[in-house]
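These notes are about the structure you will find just below.
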Amino acid sequence: MATLPNQLPALALPGGTLVDTTCDGPWHEPLLWYADAPARPGDWARLRATGRPLGLLPVLIDTGRRDEGPQEWELSPADTTYPGDHDAEEVLAEAWDAYASDELEEADRWPGLAPVPSASTPETPDELAAEIADMLTATVRAALVPARRSADIPAAIGWSGPLNHENDVARLCAVLRSWEDRFDIRVVALGFDTLTVSVGRPPTTAAEARALAAEHFAFCPDNIEAVPPKGLDVYAEKHLLGQETWSFWWD
């Protein structure tokens, strides 16, 4: 996935674990490194400064209440394609057509991609991501992944969190790439079946937020229909309008 050689084996990283465990057996190279100790404020920014020149990007690993690391996540890099081979709108439109009519009262034809918001946050996308990372809980560990774009991090490790919704996470990473371009998102944290991104250019009007809510439903229907509040309008108002963090959970 990364265009540079995987630098993880040669990088001197203290107090951590190189993960090559997959559902098909050991991978031919480490998929990620993650720290043994809980993350501290500043870790995400420090790892970005260290790893970026080497083709490595930071992410926080949420080990959850059971303290289960990526070795227990059933990573599947062998079954993961390349995000650049997929079109974000095609991925979203296919999911919309498959789920919306059954799960949304207000479902209609796929509305298309949301517009780019007119305003952005004062911070750069990476500065905001570092701030969001510093606010996350003590169940997260700092990690480095060989990837050239933040949006590609889930595909780079063969993450299987959305498996019940999409069995090739690279297709969802194509959407993350589109969000990276339009909304200045950064992948900040991954759990067993959870994803958190920072948002440097969130929607600032109700119309922008409502258009984006359709994308979020197609990306992760469980976010809107499995738990309250249900419906795109309420979700747009409560979780998208002006929000600098988006969180996703797949059942």
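Note that the structure is predicted; figures quoted are calculated from it, not measured. Below, each value reflects all heavy atoms present in this structure, side chains not excepted, and no hydrogens, waters or symmetry copies.
In this structure, T63 contributes its side chain and T139 its backbone to a donor-acceptor pair below 3.5 Å. Of the possible donor and acceptor atoms, one in the side chain of S160 sits under 3.5 Å from a partner among the backbone N and O of E74. Checking side-chain atoms of E72 against main-chain N and O of G69 turns up a donor-acceptor pair under 3.5 Å. A donor-acceptor pair is defined here as one N or O able to donate and one able to accept, closer than 3.5 Å; no such pair exists between the side chain of W246 and the backbone of L195.
The minimum heavy-atom distance linking A114 with F183 is given by the pair CB-CZ, 4.2 Å. Shortest non-hydrogen contact noted between L240 and A209 is CD1-O, 3.5 Å. Closest of all the heavy-atom pairs between S76 and D79 is OG-OD2, 2.7 Å. The shortest heavy-atom contact between A155 and V169 is CA-CG1, 3.7 Å. Of all non-hydrogen atoms in P115 and A211, the two that sit nearest each other are CD-CB, 4.0 Å. Nearest heavy atom pair, residue T80 against residue G158, reads OG1-CA, 3.5 Å.
With a 4.5 Å cut-off on side-chain heavy atoms, I157 and V59 do not count as touching. With a 4.5 Å cut-off on side-chain heavy atoms, V197 and V188 do not count as touching. Taking 4.5 Å as the limit, every side-chain heavy atom of Q243 sits out of range of all side-chain heavy atoms of V199. Between N164 and W250 there is no side-chain heavy-atom pair separated by less than 4.5 Å. Here the side chains of D152 and L57 are not in contact, with every heavy-atom distance at 4.5 Å or above. Considering only heavy atoms from C-beta on, T21 stays 4.5 Å or farther from L75 through its side chain. Side chains of L56 and Q7 form a contact here, defined as non-hydrogen atoms less than 4.5 Å apart. Side-chain atoms of N6 and H28, non-hydrogen and from C-beta on, never get closer than 4.5 Å to each other.
From W249, atom CH2 reaches atom CG of N223 across 9.0 Å, with rounding to the nearest 0.5 Å. Distance OH/Y235 to NE2/H216: 5.0 Å, rounded to 0.5 Å. Rounding to the nearest 0.5 Å places CZ of F248 at 12.0 Å from CG of L190. The CG atom of D20 sits 10.0 Å away from atom CG of L32, with the distance rounded to the nearest 0.5 Å. The OG1 atom of T17 lies 4.5 Å from the CG atom of D36; values are rounded to the nearest 0.5 Å. The distance from atom CG of L144 to atom CG of L11, rounded to the nearest 0.5 Å, is 7.0 Å.
Side-chain heavy atoms closer than 4.5 Å link hydrophobic residues (I, L, V, M, F, W, Y) into clusters, and following such links, even through other members, never connects I153 to I132. Side-chain heavy atoms closer than 4.5 Å link hydrophobic residues (I, L, V, M, F, W, Y) into clusters, and following such links, possibly through other members, connects V91 to F217. W159 and L163 are members of different hydrophobic clusters when ILVMFWY side chains are connected at heavy-atom separations under 4.5 Å. Side-chain heavy atoms closer than 4.5 Å link hydrophobic residues (I, L, V, M, F, W, Y) into clusters, and following such links, possibly through other members, connects Y99 to L232. Cluster membership for L241 and I185, using ILVMFWY side-chain heavy atoms within less than 4.5 angstrom, is not shared.
A88 is linked by a side chain to side chain contact (heavy atoms under 4.5 Å, CB included) to V175, S178, counting only residues two or more places apart in sequence or in another chain. The side chain to side chain contact (heavy atoms under 4.5 Å, CB included) test applied to T121 returns E123, L128, P202, E244, not counting sequence neighbours. The salt bridge (charged side-chain N to carboxylate O under 4.0 Å, His left out) search around R40 returns none, not counting sequence neighbours. Scored by the side chain to side chain donor-acceptor pair (under 3.5 Å) test, S120 finds no partners at all (sequence neighbours excluded). Annotation: side chain to side chain contact (heavy atoms under 4.5 Å, CB included) contacts of A151 (sequence neighbours excluded): L176, R177, E180. Scanning for salt bridge (charged side-chain N to carboxylate O under 4.0 Å, His left out) contacts around R186 gives D126, with sequence neighbours left out. Applying the ring pair (Phe, Tyr, Trp, His ring centres under 6.0 Å) criterion to W110, with sequence neighbours excluded, gives W96. Taking the side chain to side chain contact (heavy atoms under 4.5 Å, CB included) definition, one finds that T22 meets it with D24, W27, L31, P77, sequence neighbours left out.
Screening residues 134-144 for salt bridge (Lys or Arg N to Asp or Glu O under 4.0 Å), with sequence neighbours left out, gives D67-R141. Pairs engaging residues 83-101 under the salt bridge (Lys or Arg N to Asp or Glu O under 4.0 Å) rule: E94-R171 [sequence neighbours left out]. Judged as a salt bridge (Lys or Arg N to Asp or Glu O under 4.0 Å), the pairs with a partner in residues 206-215 (not counting sequence neighbours) are, in order, R182-E215, R210-D233. Among residue pairs with one or both ends in residues 29-69, none qualify as ring pair (Phe, Tyr, Trp, His ring centres under 6.0 Å); sequence neighbours excluded.
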TODO: Just do the side-chain contact (heavy atoms from CB on, under 4.5 Å) check on M135 and T245 with the steps written out, would you?
DONE: CA-CA 11 Å; M135 292 188 291; T245 306; 5.6 Å; no

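No close placement of the H165 and F219 rings is indicated, their centers lying 6.0 Å or farther apart.
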